[in-house]
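See structure below.
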Amino acid sequence: MTEKTAGSNFIRQIIDADIDHGKHSEIVTRFPPEPNGYLHIGHAKSIWLNFGIARDYGGRCTLRFDDTNPVKEDAEFVEAIERDVRWLGYEIGAVAHASDYFEQLHDFALELIDRGLAYVDSLPAEQIREYRGTLTEPGRNSPDRDNSVESNREQFERMRAGDFGDGERVLRAKIDMASPNINMRDPVIYRIRHHAHQRTGDAWCIYPMYDFTHGLSDAIEGVTHSLCTLEFEDHRPLYDWFIANVTAPSEPRQIEFSRLNLSYTVMSKRLLTRLISSGVVDGWDDPRMPTLSGLRRRGFTPASVRNFIASVGITKKDNVIDMLVLENAVREDLDPVAPRAMAVLKPLRVTISNLPEDHAESISVANHPKDESFGTREVTLSREIFIERDDFMLDPPKKFFRLSPGGEVRLRNAFVIRCVSVENDADGNVASLVCEYLPETRNGVQPEGRKVKGIIHWVNAADALDAEVRLYDRLFREANPRPDQDGEFHEALNPDSLVTLTGCKLEASLAAASMDTRYQFERLGYFCQDPDSIPGHPVYNRIVTLRDSWAKAGAAG
RNA sequence: UGGGGUGUAGCCAAGCGGCCUAAGGCACCGGGUUUUGAUCCCGGCAUUCGGAGGUUCGAAUCCUCCCACCCCAGCCA
């Protein structure tokens, strides 16, 4: 599990330059989610960036909940978010909440009022919007814009005291209603919300807005570099304005980078919520979700997620990363550490006719093909075994290396068998096979003139374990899924994103499998147990398939 | 058509005026090893950096103009 080196990026270059200029004695960052949903892999990019920088520069990174809107937030989310950040493997310098700073923020607001830089506006929301102007036309001043400091002070005190209902007053920064940057047209900095906050309860009925809260919270925490996504780029002048016009304890710098987008999935909280509410997936931790909890349940390792982010880099360019890159990252992480085992997902019974009824030989099998430290295990082979239905074809195409009538194939870790007859069920479908084994092919011997290219896995019938296996695939069939007119996903969905298989056969040694070991089921992919497993009824999730150039060739033509 | 951004291969991404006849990864195409059609190994894959001009002995890197795409008019974050 080698961690990819962080590499350089434009943000680290800025920090390096700042350090060279002696601007900071310590680098301080923060990861600031709003607790209104679960973290997804896009957040992992920010976590990797912020915590990675703090770690590499010997600084610190705070997990700060941006909890300024009580109507959207919930304690459930703050717990889930902290769990996910820890799972990703980072040391959290401190856990903070913007709500910890409500009193200080309130003081800063008072300071702005006293300086004549903020005023209480009684215009209703709709009017404020009209007065704001448009992208191409300047706005107009509110009638309340020139009220006295005393009046603003008194009005703001009454806002806090609860004298007004929701929406009856707001506190606004007095900047410039004609600014070409709409964010500077007297932005609202406090609004009234008579709603209990998940942490502060009923202590407040006015809540600060994001722009006012964020930069000032950064300043309170001594954040040196405030890293956020591109859509906040034109909020930066406002971010700087608040810090410049209040006695801020420090002067953080905001730097923006592009969000992560992944093909064949969606990343917005709104759309992920929609998938859950419309029943497309089972919840935030459905293994098909791009959430960290979904990926964790699916079996992805924290290192694979970190390596994935490292491999895509940090820039300001809009991007869509191919899902294959993520899949590649888990395979790369798991290959050297996953013990191998044999499992048959769609069993086809095979009788080896030239083996006695009571035959039961024990074969010593390596647990890893390249790493002897994994040791070996014993696997029993007797007259009745299961092979994968996909490994047998009545009428095989060219270059099909597996079994067919009269054909030969090697049983992995054992000998070559030849298919001598096929038995059908009442509907005429293949029900079972009768094969005979070739004694001279034991121990890997490839007798003169016999070229058996195919090697298939198998499971001994007598002591096989029954299991349920869930095969996951991309949630969408379209690379860039968009909701339909009704806001739901229909056409874009991949109908086979979850295939549940029961009656799968696992080799007996898996009876001792632990919940947190990720196995490679040879020739199939990487698998791990789902929390739905109960004793006697194991449930496995397929984390990712193995690369399969045969399937790919088939799909191509 | 106001403001803010971004454009290097199918997807990411190094590059910061000469060491670039442009790193690396994914994908793709060969070939080798292999009792996983896996892994691993070796080779191929941009005479060209959104376009057009210009500066310079020298430009992906500097300048000008143009084009394309993304973001912004919440009392959301």
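Lettering follows sequence order; numbering is per chain, from 1.
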Nucleotide N/O of nucleotides 68-70 of chain B paired with protein N/O under 3.5 Å:
from	atom 1	to	atom 2	distance (Å)
B/C70	O4'	A/Asp318	OD2	3.4
B/C70	O2'	A/Asp318	OD2	3.4

Look for any protein N or O under 3.5 Å of an N or O in nucleotides 59-61 of chain B and output each such pair with its distance, or none.
none

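For A/Arg132, a side-chain nitrogen or oxygen approaches OP1 or OP2 of B/C75 to under 4.0 Å. Residue A/Arg331 places no side-chain N or O under 4.0 Å from the OP1 or OP2 atom of B/U39. When the side-chain nitrogen and oxygen atoms of A/Ser311 are compared with OP1 and OP2 of B/C12, none of them lie within a distance under 4.0 Å. A sub-4.0 Å separation between OP1 or OP2 of B/C28 and a side-chain N or O of A/Lys552 is present. OP1 or OP2 of B/A77 lies within a sub-4.0 Å distance of a side-chain N or O belonging to A/Arg191. Contact between the side-chain N/O atoms of A/Arg193 and the OP1/OP2 oxygens of B/C76 is found at a separation under 4.0 Å. Taking 4.0 angstrom as the limit, A/Thr315 places a side-chain polar atom (N or O) nearer than this to OP1 or OP2 of B/A13.
Summarising the geometry, the separation between CG on A/Asn328 and P on B/G24 is reported as 17 Å, rounded to the nearest angstrom.
Using a 4.0 Å heavy-atom criterion, one finds that A/Val312 contacts the sugar-phosphate atoms exclusively. Heavy atoms of A/Ile206 sit nowhere under 4.0 angstrom from any nucleic acid atom. Nucleic acid contact for A/Ser263: none, since no nucleic acid atom lies under 4.0 Å from a heavy atom of the residue. Residue A/Gln13 is classed as a base contact, given a heavy-atom separation below 4.0 Å to a base. Using a 4.0 Å heavy-atom distance criterion, A/Arg412 is classed as a base contact. When heavy atoms are screened at a 4.0 angstrom cut-off, A/Ser179 is found touching no nucleic acid atom at all. Among the atoms of the strands shown, none is found under 4.0 Å from any heavy atom of A/Lys453. Note on A/Val71: nothing from the nucleic acid sits closer than 4.0 angstrom, heavy atoms only. Counting non-hydrogen atoms under 4.0 angstrom, A/Gln520 reaches a base of the nucleic acid. Contact annotation for A/His235: base contact, defined as any heavy-atom pair under 4.0 Å involving a base atom. Residue A/Pro369 is in base contact, counting any heavy-atom pair closer than 4.0 Å across all strands shown. Using a 4.0 Å heavy-atom criterion, one finds that A/Phe400 contacts the bases of the nucleic acid, with or without backbone contacts as well. A/Asn319 comes within 4.0 angstrom of sugar-phosphate atoms only, judged by non-hydrogen atoms across all strands, and of no base. Here A/Arg172 lies out of heavy-atom contact (under 4.0 Å) with every strand.
Aromatic pair A/Phe521/A/Tyr526: centroids not less than 6.0 angstrom apart. For A/Tyr210 and A/Phe232, the gap between ring centers is short of 6.0 Å. In this structure, the ring of A/Tyr264 has its center no less than 6.0 angstrom from the ring center of A/Phe476. Residues A/Phe242 and A/Phe212 bring their aromatic ring centres within 6.0 Å. A/Tyr38 and A/His43 have their aromatic ring centers separated by at least 6.0 angstrom. The aromatic ring centroids of A/Tyr119 and A/Phe156 lie 6.0 Å or more from each other.
Of the candidate nucleotides B/C26, B/G37, B/G74, B/C26 has the atom lying nearest to any side-chain atom of A/Val325. Nearest to the side chain of A/Asn69, among B/A13, B/G74, B/A77, sits B/A77. Residue A/Arg410 places its side chain closer to B/U35 than to any other of B/G37, B/U35, B/U6. Considering only side-chain atoms of A/Leu230, the nucleotide from B/C71, B/U8, B/G5 that sits closest is B/G5. When each of B/G74, B/C12, B/C40 is scored by its nearest atom to the side-chain atoms of A/Met209, the top-ranked nucleotide is B/G74. Nearest to the side chain of A/Thr68, among B/C72, B/C40, B/A77, sits B/A77. Candidate nucleotides B/A27, B/U36, B/C12 were compared by shortest atom distance to the side chain of A/Arg547, and B/A27 ranks first. Closest contact between the side chain of A/Asp335 and the listed nucleotides B/A27, B/U1, B/U39 involves B/U39. Considering only side-chain atoms of A/Ala125, the nucleotide from B/U36, B/C75, B/G37 that sits closest is B/C75. The side chain of A/Glu231 has B/A77 as its nearest neighbour among B/A77, B/U36, B/A73.
Within 3.5 Å, no donor on the side chain of A/Asp548 pairs with an acceptor on the base of B/G37, nor the reverse. Side-chain atoms of A/Arg402 and base atoms of B/G37 include a donor and an acceptor less than 3.5 Å apart.
The shortest non-hydrogen separation linking A/Phe415 to A/Leu381 is CZ-CD2, 3.4 Å.
Under a 4.0 Å N-O distance rule, the pair A/Arg191/A/Asp166 does not qualify as a salt bridge.
One P atom belongs to B/C63, the other to B/U55, and the distance between them is 15 Å to the nearest Å. When the P atom is compared between B/G54 and B/C49, the two are found 16 Å apart, to the nearest whole Å. Atom P of B/U36 sits at a distance of 25 Å from the matching atom of B/G25, rounded to the whole Å. Taking atom P in both B/G51 and B/A60, the straight-line distance is 11 Å, to the nearest Å. The separation of B/G58 from B/G18, taken at their C1' atoms, amounts to 6 Å, rounded to a whole angstrom. Using C1' as the reference atom, B/G7 and B/A14 are 16 Å apart when rounded to the nearest Å. The gap from the C1' atom of B/C16 to that of B/A59 amounts to 12 Å, rounded to the nearest Å. Nucleotides B/G5 and B/G43 place their P atoms 44 Å apart, quoted to the nearest Å.
Judged by ring centres under 5.5 Å apart and planes tilted less than 30 degrees, A/Trp550 stacks against the six-membered base ring of B/G37.
Taking 4.5 Å as the limit, every side-chain heavy atom of A/Val459 sits out of range of all side-chain heavy atoms of A/Val379.
Applying the 90° cutoff around 0 to the glycosidic angle, B/G74 is assigned syn.
Atom CG of residue A/Asp74 and atom CD of residue A/Gln198 lie 7.0 Å apart, to the nearest 0.5 angstrom. Atom-to-atom distance recorded for A/Ser268:OG and A/Arg259:CZ is 8.5 Å, nearest 0.5 angstrom. Here the CG atom belonging to A/Asp66 is positioned 11.5 Å from the NE2 atom belonging to A/His97, to the nearest 0.5 angstrom.
In summary, of the residues considered (A/Arg412, A/Lys346, A/Arg523), a salt bridge (Lys or Arg N to Asp or Glu O under 4.0 Å) with A/Asp391 occurs for A/Arg523 alone.
For the pair A/Asn413 and A/Leu546, both in contact range of RNA chain B, the more 5′-proximal nearest nucleotide belongs to A/Asn413. Take the nearest nucleotide of RNA chain B for A/Lys316 and for A/Arg340: the residue whose nucleotide is more 5' is A/Lys316.
The 12-atom threshold is not exceeded at CZ of A/Arg482, counting heavy atoms of other residues, nucleotides or ligands nearer than 6.0 Å.
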